[in-house]
Amino acid sequence: MERYENQTLDLKSIRKIETDKGIKDLAVCCVSFANSKGGRLYIGFEDKTHQPLPNQTISEEVHNDAIKRIRGNCYNVALESSGILKTEDGAYYFIITVYPSVKSFASTADGRYYIRVGDQNVPMRSEDFQRVAYEKEAYLWETVKTRYSITDIPEDRIHNLCESIRNSERVRTHIKQMSDNEILENYMLVDENNLTNLGVLWLGDYRQRNKLTYPITVQYIVYDSQEQKIRKVDWHDNTLNPEQLLIAIEEEATELKYSFEVQIGLFRKPIRQYNQKVIRELLINAFAHKSFTISGDIIISVFPDRLEISNPGSFPLGVTKDNILHQRIRRNPHLIRLMSDLSLMEGEGSGYDLMYELNAMDAKRMPIPESDFNNVTVTQYSAIQNQSLLPLFDFVNRNYPILSQKNLIAFGLIAINEKIASTDLSKILQLSETNRLRSYTDNLVNLGLIVQRGVKKGTQYVINPRLMSNARLNIPTTLKTIEPHRLNALIEEDLRLHPNSKISEIAGRLPYIERKDIQRQIYNMASKNILTTTGSKSERRYSLA
């Protein structure tokens, strides 16, 4: 029954409810959840094991007293308890559900304010209050009732949308069996007989959308190598709904359809500068996470070597550039759900996973997101980092269809880096728990696609040389993936010719091997008395024993 902390879940030891300090800490968690999107506190779960202690017990009196004391230590927080629960192993725990504080700021009893960022509770700074206020307003924007009646919308427009929903493979059967009006209510497009803001955005005409604060408007700008503007198209007339606008942009963006040919085996294969699915996901993300309470256009900037897409509004609360791959925070949840069910996007919360997979298997850099208070900008570079890897990726895609998306992402990153430490791979994949990396790499090791060297934090991954041989690929040889025992021999030979050398001097004579690998092996050899040392720190020199 292991669980891991994230944006909406926190684990707390049963000991927290035994002291006043512990109760105050739980109140901070509740305030953080309330000022964000809500969440759940699992009381009775240990941080290290992610499970309750064996034979752990909680009396009803202790449980009720804890809930009372937590409520007394925070203001504007709506929470409720699950009551005492029991695991299969007989350990007791309970869950506190905290609801988002939509119209006010939650605080602790001593007047402190917190928000939830990733799996941390962070004190709110003065500049955070305006951002949180925007987020609360944005969260309500979709469902605000307008003065427009559903009878103002042509019946064929409503029917076409409902039929598209019914024909979608992602929609559950009970929704497909609903009437048109019930479907509109289910997707929050109407409130009784009136259109919501989301309903106007999707079903309204340009006159109705013009009244929204603020509809989706887009600029598409192309720059030359001197970053001079050479072409611009904009969509400011509000005549298109999000689906139509998405299609119009894809048709107009001819510069994003350029491709070049790459030799793969006996054939030449066209490779697009930007994968069509990556472009779709970047555009969808800009639509779905736009702040409709901030004025501004979605701007698509196309440069010779890169694409930049920015949208109004910062990252949703709890999302940063360092956790965006795994956080599932939705600024406009009903819009996202509608686009997902219409198959316009990969799926809720899986857009960045898809972009990482496609970029990794095209040997390209991962998308680079940046955020300030007003905008989120995502940069995607077009260049292939190593064209010689493309035949390898093609071979793996054809011969190993059982690989998961996580496996393909990890395989691509390992191949692009030639050799990568588990700590570095975890950092790229934004994984906080070391054992979570296993879901990316274990299958690759078991299938013999990669080789694992070292243990624990010293673990490194390289592509299996046998895979290269089986695929009959002409990938250039590199010393970056040299095995430790061969590197030892190389260092010994170097010191035989150049005794009494610093690490920097040895690394300078072995330029094709990473310095950190040389340093690691020298330290290891010195600890085994294979090498002798003189001097200290930066002046330390090494010779053969």
Side-chain angles (χ1 to χ4, degrees), residues 321-322 356 359-360 363-366 368 381 383-389 392 409-432 434 437 440-441 444-445 449-465 467-468 473 475-545:
K321 65 179 182 179
D322 298 319
Y356 265 56
N359 281 318
K364 294 185 178 180
R365 294 175 65 180
M366 300 299 113
I368 304 170
Y381 285 88
I384 294 175
Q385 294 179 273
N386 188 346
Q387 288 195 17
S388 64
L389 291 174
L392 172 63
I409 293 172
F411 183 82
L413 291 172
I414 293 168
I416 291 169
N417 287 277
E418 298 180 3
K419 177 178 66 177
I420 189 168
S422 61
T423 51
D424 293 333
L425 184 58
S426 293
K427 184 177 180 180
I428 295 173
L429 295 174
Q430 302 175 356
L431 300 172
S432 56
T434 304
L437 184 60
Y440 287 84
T441 59
L444 298 174
V445 173
L449 298 181
I450 64 173
V451 175
Q452 179 177 319
R453 299 173 181 169
V455 295
K456 297 184 178 180
K457 290 186 177 181
T459 300
Q460 294 180 326
Y461 299 101
V462 299
I463 299 299
N464 193 333
L467 175 64
M468 306 284 197
L473 302 175
I475 294 177
T477 303
T478 173
L479 288 177
K480 189 174 181 180
T481 59
I482 190 171
E483 295 177 321
H485 70 280
R486 299 186 188 279
L487 179 54
N488 284 0
L490 201 58
I491 292 171
E492 287 182 18
E493 183 63 23
D494 181 84
L495 289 176
R496 188 172 288 112
L497 298 174
H498 307 280
N500 202 34
S501 294
K502 294 181 181 180
I503 289 178
S504 59
E505 295 170 344
I506 300 170
R509 294 189 291 268
L510 303 174
Y512 301 108
I513 303 174
E514 290 188 356
R515 175 170 173 158
K516 63 181 181 181
D517 293 329
I518 295 173
Q519 182 174 308
R520 184 186 299 111
Q521 289 306 121
I522 287 176
Y523 289 165
N524 184 48
M525 294 168 73
S527 69
K528 295 179 179 178
N529 297 320
I530 298 173
L531 303 180
T532 60
T533 64
T534 58
S536 60
K537 297 185 178 180
S538 61
E539 295 301 318
R540 182 167 292 153
R541 295 178 176 273
Y542 297 85
S543 299
L544 290 176

What is the minimum heavy-atom distance between [X] and [Y], and which atoms define it?
X: A363; Y: I416; answer: CA-CD1, 3.6 Å
X: L495; Y: Y542; answer: CD2-O, 3.5 Å
X: L413; Y: A360; answer: N-CB, 4.3 Å

Yes or no on side-chain contact (heavy atoms from CB on, under 4.5 Å) for N488 and I530, after CA distance, side-chain angles and deciding distance? CA-CA 10 Å; N488 284 0; I530 298 173; 5.5 Å; no
[X] [atom1] to [Y] [atom2] distance, which is reported to the nearest 0.5 Å:
X: S422; Y: K427; atom1: OG; atom2: NZ; value: 13.5 Å
X: I491; Y: I518; atom1: CD1; atom2: CD1; value: 6.5 Å
X: S501; Y: I506; atom1: OG; atom2: CD1; value: 5.5 Å
X: I513; Y: R486; atom1: CD1; atom2: CZ; value: 12.0 Å
X: R509; Y: E493; atom1: CZ; atom2: CD; value: 11.5 Å
X: I503; Y: R540; atom1: CD1; atom2: CZ; value: 8.5 Å

Could you check if a side-chain atom of [X] sits within less than 4.5 angstrom of a side-chain atom of [Y], using non-hydrogen atoms only?
X: F411; Y: L392; result: yes
X: I384; Y: K364; result: yes
X: E505; Y: H498; result: no
X: Y440; Y: L425; result: no
X: T459; Y: T441; result: no
X: N417; Y: Y461; result: no
X: N464; Y: L449; result: no
X: P499; Y: L544; result: no

Under the criterion side-chain hydrogen bond (donor to acceptor under 3.5 Å, both in side chains), I'd like the reasoning laid out for Q460 against D517: C-alpha separation, chi angles, the key distance, then a yes or no. CA-CA 11 Å; Q460 294 180 326; D517 293 329; 3.2 Å; yes
Quick one: do R515 and S504 satisfy side-chain contact (heavy atoms from CB on, under 4.5 Å)? Show the steps, please. CA-CA 8 Å; R515 175 170 173 158; S504 59; 3.7 Å; yes
Stepwise side-chain contact (heavy atoms from CB on, under 4.5 Å) check, I463 with I450: CA-CA 4 Å; I463 299 299; I450 64 173; 4.0 Å; yes
Sub-3.5 Å donor-acceptor pair from the side chain of S543 to the main-chain atoms of N500, do we have one? yes
